[in-house]
Student: 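Dumping the structure here so I can ask a few things about it.
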Amino acid sequence: MPPELKQKLRTPIATMLVLLGLLSVNVILGIYFIHGWAWIPEVLITVTMILTVLLVAMEALHEPPLTRLFAFIGFCWVSILLTLTMMDYLTR
Amino acid sequence: MHFLPHYPAQLWPPAASAMAGEIDTIFAVWCVVLFMLVAPVFVFMAYCAVKYRAGRPADREHREARNIRIEMTWMIVPFLITLVFFFWAGTIYLQENNPPPNAMEITALGRQWMWKFQHPGGQAEINDLHVPVGVPIRVNIESQDVVHSLYIPALRLQEEAVPGRTTELWFKADRTGAYNLYCSELCGADHALMAGTLYVMSASGYQNWLKQAGATQTLAAAGKQLFDSYGCSGCHTPNSTVRAPSLAGLYGQVVPLQDGTTVVATDAYIRDSILEPKKQVVAGFKPVMPSFAGTIPDEDMQKIVAYVESLGGSQQTP
Amino acid sequence: MSTTTVGIKLEEQFESEQQQRETAKLGMWTFLATELLLFSGMFISALVIRTLHPDSVTAVALHLKFWIGATNTAVLILSSFCMSVAIESSRLGLQRIMVRAMLLTAALGVLFMCLKGYEYYRDYVEHMTPFLHWRRYELVGDPASRLFTDLYFIITGLHAIHLTIGIGLMLVMSWLASRAGFLQKHQNRIEIVGLYWHFIDLIWMIVFPTLYLLNR
Amino acid sequence: MTPSDYVLRDLEVPPPVIDVPDDYLHADQSLWSWFVTTDHKRIGILYLVSITGFFILGSIAAGLVRLSLVVPDGEIFTNDVYNRLFTLHGVIMVWFFLVPSIPNTLGNFLLPLMIGAKDLAFPRLNLLSWYIFMGASLFTVFVMVWGGVDTGWTFYTPLSTQYSNGWVLAAVFGVIMVGFSSILTGLNFVVTTHKLRAPGMTWFRLPLFVWGNYATSLILVLATPVLTIAMILLFVERAFGLAIFDPDHGGDPVLFQHLFWFYSHPVVYVMVLPGMGVMSELVTAFAYKKIFGYKFIAFSSLGIAAIGFFVWGHHMFYNGESPYAGLTFSLMSFIVAVPSAIKVYNWAATIYKGEIRLDTPMLYAMGWIGLFVIGGVTGLMLASTALDGHVHDTYFVVAHFHYIMVGATVVAFLGGIHFWWPKITGRMYSEPWGRVSALLMFIGFNMTFLPQYVLGYLGMPRRYHVYPPAFQPLNVLSSAGAVVLAAAYIFPMVYLIYSLWYGERAGPNPWEAKGLEWTVPSPPPKHNFETIPTVDFEPYDYPNVIPEA
C-alpha cells in the first residue's frame, strides 16, 4: 500500500464510516422508536446519507458546476412528481 | 343501437341544466377570445406577406431585434386575459365537486358495456335513467370491472367510474326531455354501445314512472338487455357466426344431451347450463360455452332465466 | 509499484482529453438521473399505497426481514468504499491494487445477491409470495397487503437486476483493466463504472428506508 | 428563388457527369457502410427513412378509422377491429413518428453542423439508439397488426392489465424498448450541446433550433424513465399477477394515470418544441431578418420544458381527482401556455418589415403559426376545469391535439425537410409543386379537424365505433378532408424523391440563410468542417437594413 494511496484514501474511509454510522442510527430508530413521528428523523438521516454518497463518494463536489446541476436535476424532478401526486392523494 | 333517433342535427348541444348554460357562456366567451387571438395573426401575416414581399419597395427602416416592453406586454396581457377563465371555470368546478346535502341519491354501476342505475326506491334500469326535473340529483358512480365514465353532454358533465372507488356527479336538470348518455372512457370492445338516454320528467311523471317501473319492466324485458350485455346474444341468436343451441321455445322441451341421456328444460336446467355449461352439453354441440359462475349476480340470473323462458316458438332477433 | 502515466485515447470528435473526460462524466450523470427517475416511480407508488392502506403496509413491513436489509445496506456501503479505492488507485496508476479492489467490489456485490437470495427464500418459506398462486399467501385475509408485497418484490428485483449488471460490468472491467497499457488509454472508464456502482448503492439507500424502515 | 428566375430543365442535355465528391453521401456507397455508420448525418437519414415508413403505416390506420366513421352504425369494421385500428394509429404516430420526427432526423443531421462540431458526443450510442428504435418499433408494429391491441395508446389499467385480450404484453414491452431509444438520443443531444460547441459559440450565439432541440432532449431524458416504470409495472401486473394497480386488491388505477401522464404530457412538448425550433429558422431565413426577441424565444423553450412537468393533471380533472389538485394543474396549464404565446408573437414580429419570400418552407411556417394559435387556445379551453367536464374525452380533445401534432409538428417537419433538403441531398426540390403541397395540406388539414371541434362540443365521445346519426354530416366532411390531407402528404414524397435524381444541383447556400450549416458544401463532407470554425458572429446576422437593390 504505497503512502500516496493511503493519503488519498482518507476521504473514502471517512465517508464509509459516516455512512455506516448513519445507517446504524437509522437501524436503532427503526427498532426502538416505532411511534407515529419516527419517520421524520429516519427520512432526514436517509437524505444525509444520499447527500454524502452523491457529493463525496461520487465526487460531485469537485465536478464543474454543470455536472453538479445534472446530479441534482434528477432529484428536483422526483420532487415534482412526488409533491403533485401526493397533493392529489392527500386532498382527495 | 339505442341512440335517440330523433336527435336533430344542430350545431349546439341542448342544455338541460343551469350549470350547462353557464358552461356554454364560458365556451362562447372563449370562442370570442379565440377569434380575437387568431384573426389578427392571420390578417397580420397576410398583410406582411403582401406588403413586405421580397423585391417590393417598402419602408423597412429601424427594424428592432428585441423590444423588452412589447415582449413583456404580449406575454403578460394574454396571460391575464386567459387567467379570467381559470377563475371562472374554477368556481364552477368547485361547485361541481360539492353536491347539496339534500340531493336525491342514484347509484350508477358501470359494467362492461352497460350502465345499471338504481333509484332510491329500489327500481333498477339498464342504460336509461329517469330523473325528476328541478330536483338536485347526486349520482354515486361505481365500476365493476374497468374504468368507465358516465358522460351526459346535455348537462355538460362527466365523471369516471373508477373500480374500487365511488366517485360522484351531481346535477339539477331544469328542462324536461330526452338526452343522450354515453360512456366516454375506453372500456373495451363495445365501448360505443354503452350509451343510453336520460329522461328528465316532470315530478308527477316521474312518480308514476316509478310505480310502473317495478311492474312494466317485466323481468323478461330486463333479462333481454342483460342477455345482450353479457354477450349471450353473441352466440345464441340465429344469425350469429358461432354454432350454439337455439333457445327458441326451449322452456319445457325435452333436450337430448351429448351422453345420450335427455333432460327436461326446466329453469333449474337453464340456470345450471349458464353456471356450468360443460356439465350437460346438448347433443351435437361442442362444449365451448364459457362458465358465467361469479360474473352474473343472482338477481341478474333470475332476469336472464325469465327472458329465456319467455322465448316462445320463433325467437325475434334482438 | 510502477506509477505508469495515466491518460485516455482521444476520440476524433473531441478537441482535448479534458473535454472527453467531462463529456463522458456528464453523459453518465444524465443517465443516472434517468435511473433515479425510473426508481422514483416505484418509490412514489410505495408512498401512494402507504397512504391508501397504511395498516396493511405496516403488516407487510413487519413480515420483511429487517436485519437482512440492514446488513445488505452495510455490504453495499463497503462495496462502494472498495470502488473508491479502485478509482483512487486507478488515478495513481496502481494497476494491480485497482484490479484487486474492483474484484473485491464485485465480491461484495455477489455477497449482497446471496443475502438477497436468502431473503427471498425466507419469504417463500413464510408464504409471503402472493404471486405464486399455488402457494397460500400469508396475509390472504388482507388483500391490500398484496400491493405492498408485490411492490417489494418488484423494487428489490429491479435493483437486483441493476446490481447484476453492475457486477458483470465490474468483472469485465477488471479483466480488461488487468491487461497492460489499459490505464494509458481508458482510465476514464473506471471512473464511469465507479459512478454507476455508487449510484446502485445510493438507490439501495433509498430502498432500505422506503420498504423496511419507514413502515414499521 | 422567386418563380420568375426558375429555369426549366432542358431535357435533351445529358445530366453532367459528376466525379464522385467526398461528401458523406458518396463517401462509401455500400449498404453495409450505411448500417454501421456512426456519422450523425447518415443516422439522421436512417431515421428519416424509417419514420417516413411508420408515418405511412400510421396514416393508413388513420385513413381506415376515418373510413369507418363515415357511417354511424359502424358496419365497415367490427368494433374490435376499430379499437385496434385507432390503437395502432395512436401508438405508431406517438412513439414511432412524432417523438423521433424532428429531433432524430433534422436534429441528428443539423446539431453538430449548427454548433460547429465534427459529430455528436457519443456516435456509437447514436447508432445503438437507432437500432433499438428499429427493433422495438418493428416488433411492436408487427405485434399490433398481427395480434392487435385494443386499449388505445394510453393503456389504461385495469382494461390493459385484466380485461383486454389483445397482445398488450408484447406491445408494452415494445414501448419500453422504444423509450430507451429516446432516452439515449436525448442524452446524446444534451451532452453534445453542452460540451461540443465550437470555440466562440456561446449559448446566445446558438441558433434557436439548437435551443429547441436541447429543451426537447431535456424532456426526453427526464420524462421517459417514468413511462418506462409505468409500463414495467403494467407488464409485471399483467404477466405475473403482481398487483399494483389492481382494484380487486385495493390498487388504484388513477396511480397508473398519474405515472402515465407525467410522461405523456411532457412528451407532447417533445413533439412541438423541435417544431418551434424549425420555425425560428424558417421565419428568419424567409423574412431575411434578425429574429425578434432571441433571448425570450430561447428561454421560453426551456420554460415550456420545465413547466411542462407540472401540468399533467389536466388529463384527469374528472376521474375523482381532488378538486384542489385539479385547480393547481389547471393554473399550471395556463402558465405553460405563456411561453408558447411569446414565441408565436415574436415570430409574427420577425415577419413584420422582413424581406419575405413565399417559398414552400415559408408557406408551411405561416400555416404553422395560424394552426398553432388555434391549437394552443383550444388547449387553454380544455385546461379550464369546468369546460373540460363537457369536452373531456370527446372529439374536441381529438381536434385540439391534432391541431398541435399535425398542424404544428408535421407542418414544421415538412417545412424543415424542404428548407434543409438542399443541404441534406445537394439537390433542389421543385418549387411550384412544393407550394401546391403546402396549400393542399393547409386546406385538407382544416377540412379534417375543424368539424371535429364542433363534433366535440356537440358531445361525440372519442374512440366511438358507432355514434348518433345526427353527427354523420360532420363526420363525412372530416373524412373527406382526410382524403385531401392524404394527398397533401403523398405529394411531397413524390417530388422530393424525384428531386434526388432530377433536381438541379444546390449550392452551399441556396436560400442565402445564415448559420454554420450553410457554410459547408451542400452534401456536407464526412467530417463536417475541415477546421472547426471559431464563431464571432451573432446568430441570424441578417443585415439590419436591406441595401436597396
Student: If you tally heavy-atom pairs under 4.5 Å against chain D, which of B:A49, B:A20, B:S143, B:A154 wins?
Tutor: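 It is B:A49.
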Student: Which one wins on heavy-atom pair count under 4.5 Å against chain B: D:T161, D:L331, D:T154, D:D246?
Tutor: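 The candidate making the most pairs under 4.5 Å is D:L331.
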Student: With D:H465, which residues qualify under side-chain contact (heavy atoms from CB on, under 4.5 Å), at least two apart?
Tutor: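 By the side-chain contact (heavy atoms from CB on, under 4.5 Å) rule, D:H465 matches B:A192, D:S68, D:N79, D:Y82.
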Student: How long is the straight-line distance from CZ of B:F85 back to CZ of D:F334, given to the nearest 0.5 Å?
Tutor: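 It comes to 8.0 Å.
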Student: So, taking the atom named CZ in D:R357 and the one named CZ in B:R53, what distance separates them when rounded to the nearest 0.5 Å?
Tutor: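 Atom-to-atom, D:R357:CZ and B:R53:CZ are 11.5 Å apart.
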Student: Apply ring-ring contact (aromatic ring centres under 6.0 Å, His included) to the pair D:Y318 and B:Y93, showing each step before the final yes or no.
Tutor: CA-CA 10 Å; D:Y318 283 90; B:Y93 185 60; 5.6 Å; yes
Student: Please state whether the side chain, the backbone, both or neither of D:R84 comes within less than 4.5 Å of a heavy atom of chain B.
Tutor: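 Neither; nothing under 4.5 Å.
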Student: Measure distances from B:E96 to the heavy atoms of chain D and classify the residue's part below 4.5 Å as side chain, backbone, both or neither.
Tutor: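 B:E96 touches chain D through side-chain heavy atoms alone.
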Student: Considering only heavy atoms, which portion of B:V147 lies under 4.5 Å from any heavy atom of chain D: side chain, backbone, both, or neither?
Tutor: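 For B:V147, backbone and side chain are both near chain D.
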Student: Heavy-atom cut-off 4.5 Å, strictly under: side chain, backbone, both or neither for B:E185 against chain D?
Tutor: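 Both backbone and side chain.
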Student: In terms of heavy-atom pairs under 4.5 Å, which option from D:V454, D:T78, D:V377 contacts chain B the most?
Tutor: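 Ranked by contacts with chain B, first place is D:V377.
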Student: Do B:W74 and D:F296 come within less than 4.5 Å of each other through their side chains, counting heavy atoms only?
Tutor: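 Side-chain contact under 4.5 Å: no.
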Student: Heavy-atom cut-off 4.5 Å, strictly under: side chain, backbone, both or neither for B:L94 against chain D?
Tutor: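 Side chain only.
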Student: Pick whichever of D:N346, D:V344, D:D388 has the most heavy-atom pairs under 4.5 Å with chain B.
Tutor: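 Highest number of heavy-atom pairs under 4.5 Å: D:N346.
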Student: Report which part of B:N98 has an atom under 4.5 Å of a heavy atom belonging to chain D: side chain, backbone, both, or neither.
Tutor: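 Contact with chain D is absent: no heavy atom of B:N98 under 4.5 Å.
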Student: Flag the pair D:D393 / B:S149 as yes when at least one side-chain heavy-atom distance between them is below 4.5 Å, and no otherwise.
Tutor: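 Not in contact.
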Student: When heavy-atom pairs shorter than 4.5 Å are enumerated against chain D, which of B:G55, B:C187, B:G90, B:S184 gives the highest number?
Tutor: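 Most heavy-atom pairs within the cutoff with chain D belong to B:S184.
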Student: Need one label for D:F245: side chain, backbone, both or neither, based on atoms under 4.5 Å from any heavy atom in chain B.
Tutor: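 It is neither, since no heavy atom gets under 4.5 Å.
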Student: Considering only heavy atoms, which portion of D:N165 lies under 4.5 Å from any heavy atom of chain B: side chain, backbone, both, or neither?
Tutor: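 Looking at D:N165, nothing touches chain B.
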Student: With a 4.5 angstrom heavy-atom cut-off, which part of B:V162 approaches chain D: side chain, backbone, both or neither?
Tutor: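 Only the side chain of B:V162 comes within 4.5 Å of chain D.
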Student: Could you tell me whether the side chain of D:E355 and the main chain of B:Y52 form a donor-acceptor pair under 3.5 Å?
Tutor: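 Pair absent, no side-chain N/O of D:E355 close to backbone of B:Y52.
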Student: What closest approach, in Å, do B:P153 and D:L458 show between heavy atoms, and which atom pair accounts for it?
Tutor: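 Between these two residues, the closest heavy atoms are CB-O, 4.2 Å.
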Student: Output the distance between atom CZ (D:R463) and atom CG (B:L186), rounded to the nearest 0.5 Å.
Tutor: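 It comes to 5.5 Å.
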Student: How long is the gap from CG on D:L380 to CG on B:L37, to the nearest 0.5 Å?
Tutor: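 Taking CG in D:L380 and CG in B:L37, the distance rounds to 9.0 Å.
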Student: Given the rule in the side chain to side chain contact (heavy atoms under 4.5 Å, CB included) test, do B:T167 and D:N319 qualify, once you have shown the distances and angles that lead to the verdict?
Tutor: CA-CA 8 Å; B:T167 50; D:N319 71 347; over 6 Å; no
Student: Just so I understand: if I count every heavy-atom pair under 4.5 Å between each of B:T82, B:V41, B:I26 and chain D, which residue has the most?
Tutor: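 Sorted descending by pairs with chain D, the first entry is B:T82.
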Student: With a 4.5 angstrom heavy-atom cut-off, could you sort out which part of D:S330 is near chain B: side chain, backbone, both or neither?
Tutor: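 Interface part for D:S330: both.
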Student: Which atoms of D:I335 are under 4.5 Å from chain B, going by heavy atoms: the side chain, the backbone, both sets, or neither?
Tutor: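 It is both, since atoms from each part get that close.
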Student: What part of B:D145 is in contact with chain D, defined as an atom under 4.5 angstrom from a non-hydrogen atom: side chain, backbone, both or neither?
Tutor: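 Backbone plus side chain of B:D145, per the 4.5 Å heavy-atom cut-off to chain D.
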Student: Please confirm whether the backbone N or O of B:G188 pairs with a side-chain atom of D:N83, one donor and one acceptor, at under 3.5 Å?
Tutor: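 A pair under 3.5 Å: yes.
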Student: D:M366, D:Q162, D:Q472: which one forms the most heavy-atom pairs within less than 4.5 Å of chain B?
Tutor: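 When all of D:M366, D:Q162, D:Q472 are compared, D:M366 has the most.
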Student: Need one label for D:Y540: side chain, backbone, both or neither, based on atoms under 4.5 Å from any heavy atom in chain B.
Tutor: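 Interface part for D:Y540: neither.
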Student: Counting only heavy atoms closer than 4.5 Å, note whether D:Q257 contacts chain B via side chain, backbone, both or neither.
Tutor: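 Answer is side chain: those atoms of D:Q257 sit under 4.5 Å from chain B.
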Student: Crowded around B:F35 CZ? As in, over 12 foreign heavy atoms under 6.0 Å?
Tutor: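 Not buried by this count: 12 neighbours or fewer within 6.0 Å.
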Student: Hey, does D:S300 have a side-chain heavy atom less than 4.5 Å from the side chain of B:M75?
Tutor: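 When only atoms from C-beta onward are counted, D:S300 and B:M75 do not touch, as no gap falls below 4.5 Å.
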Student: Contact part of D:A337 toward chain B, heavy-atom cut-off under 4.5 Å: side chain, backbone, both or neither?
Tutor: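 The answer is neither part of D:A337.
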Student: With a 4.5 angstrom heavy-atom cut-off, is it the side chain or the backbone of D:L327 that approaches chain B, or both, or neither?
Tutor: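 For D:L327, heavy atoms of backbone and side chain both lie under 4.5 Å from chain B.
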Student: Does any donor atom in the side chain of B:D24 or D:Y457 lie under 3.5 Å from an acceptor atom in the other side chain?
Tutor: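 D:Y457 and B:D24 do have a side-chain donor-acceptor pair below 3.5 Å.
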Student: Hey, could you give me the CD/CZ distance between B:Q158 and D:F317, rounded to the nearest 0.5 Å?
Tutor: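 One gets 12.0 Å once the value is rounded to the nearest 0.5 Å.
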Student: Contact part of D:F372 toward chain B, heavy-atom cut-off under 4.5 Å: side chain, backbone, both or neither?
Tutor: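 Nothing of D:F372, per the 4.5 Å heavy-atom cut-off to chain B.
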Student: Which bit of B:P78 is near chain D, if near means a heavy-atom gap under 4.5 Å: side chain, backbone, both or neither?
Tutor: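 The answer is the side chain of B:P78.
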Student: Is the side chain of B:Y151 donor-acceptor paired with the backbone N or O of D:T394 at a distance under 3.5 Å, no angle test?
Tutor: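 Such a contact is absent between B:Y151 side chain and D:T394 backbone.
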Student: Minimum heavy-atom separation for D:P158 and B:P163, please, with both atom names.
Tutor: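 Taking every non-hydrogen atom into account, CG-CG, 3.8 Å.
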Student: Write down the atom of D:G459, the atom of B:Y182, and the distance for their closest heavy-atom approach.
Tutor: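 Taking every non-hydrogen atom into account, O-CE1, 3.4 Å.
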Student: When only pairs under 4.5 Å are counted, which of D:T378, D:V254, D:L358, D:D80 shares the most heavy-atom pairs with chain B?
Tutor: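 Most pairs with chain B among the choices: D:L358.
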Student: Can you say whether B:F86 sits under 4.5 Å from chain D via the side chain, the backbone, both, or neither, judging by heavy atoms?
Tutor: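 Its backbone and side chain both get close to chain D.
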Student: Among D:M316, D:H392, D:H249, which residue forms the greatest number of heavy-atom pairs with chain B at distances under 4.5 Å?
Tutor: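 Max contact count across the listed options: D:H392.
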Student: Would you say D:Y345 and B:E71 make side-chain contact, with heavy atoms under 4.5 Å?
Tutor: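 When only atoms from C-beta onward are counted, B:E71 and D:Y345 do not touch, as no gap falls below 4.5 Å.
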Student: Specify the closest pair of heavy atoms between B:N97 and D:P323, including all atoms of both residues, with the distance to one decimal.
Tutor: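 B:N97 and D:P323 have their closest heavy atoms at ND2-CB, 3.6 Å.
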Student: Non-hydrogen atoms of chain B under 4.5 Å away: do they reach the side chain of D:K295, the backbone, both or neither?
Tutor: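 D:K295 has no heavy atom closer than 4.5 Å to chain B.
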Student: Checking D:T151 against chain B: side chain, backbone, both or neither under 4.5 Å from a heavy atom?
Tutor: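 Answer is backbone: N, CA, C or O of D:T151 sit under 4.5 Å from chain B.
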Student: Answer yes or no: are there more than 12 heavy-atom neighbours, outside D:F77 itself, under 6.0 Å from its atom CZ?
Tutor: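 Atom CZ in D:F77 is packed in, count exceeds 12.
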Student: For a quick test of reading the model, state the closest non-hydrogen atom pair linking D:Y464 to B:H191 and the distance between them.
Tutor: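 Shortest heavy-atom separation between D:Y464 and B:H191 comes out as CE1-NE2, 3.3 Å.
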Student: Between CD1 of D:I351 and OH of B:Y47, what distance do you get to the nearest 0.5 Å?
Tutor: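 The CD1 atom of D:I351 sits 13.5 Å away from the OH atom of B:Y47.
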Student: Is there a donor-acceptor pair under 3.5 Å between the side chain of B:R165 and the backbone N or O of D:G320?
Tutor: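 Looks like yes, one N/O pair under 3.5 Å.
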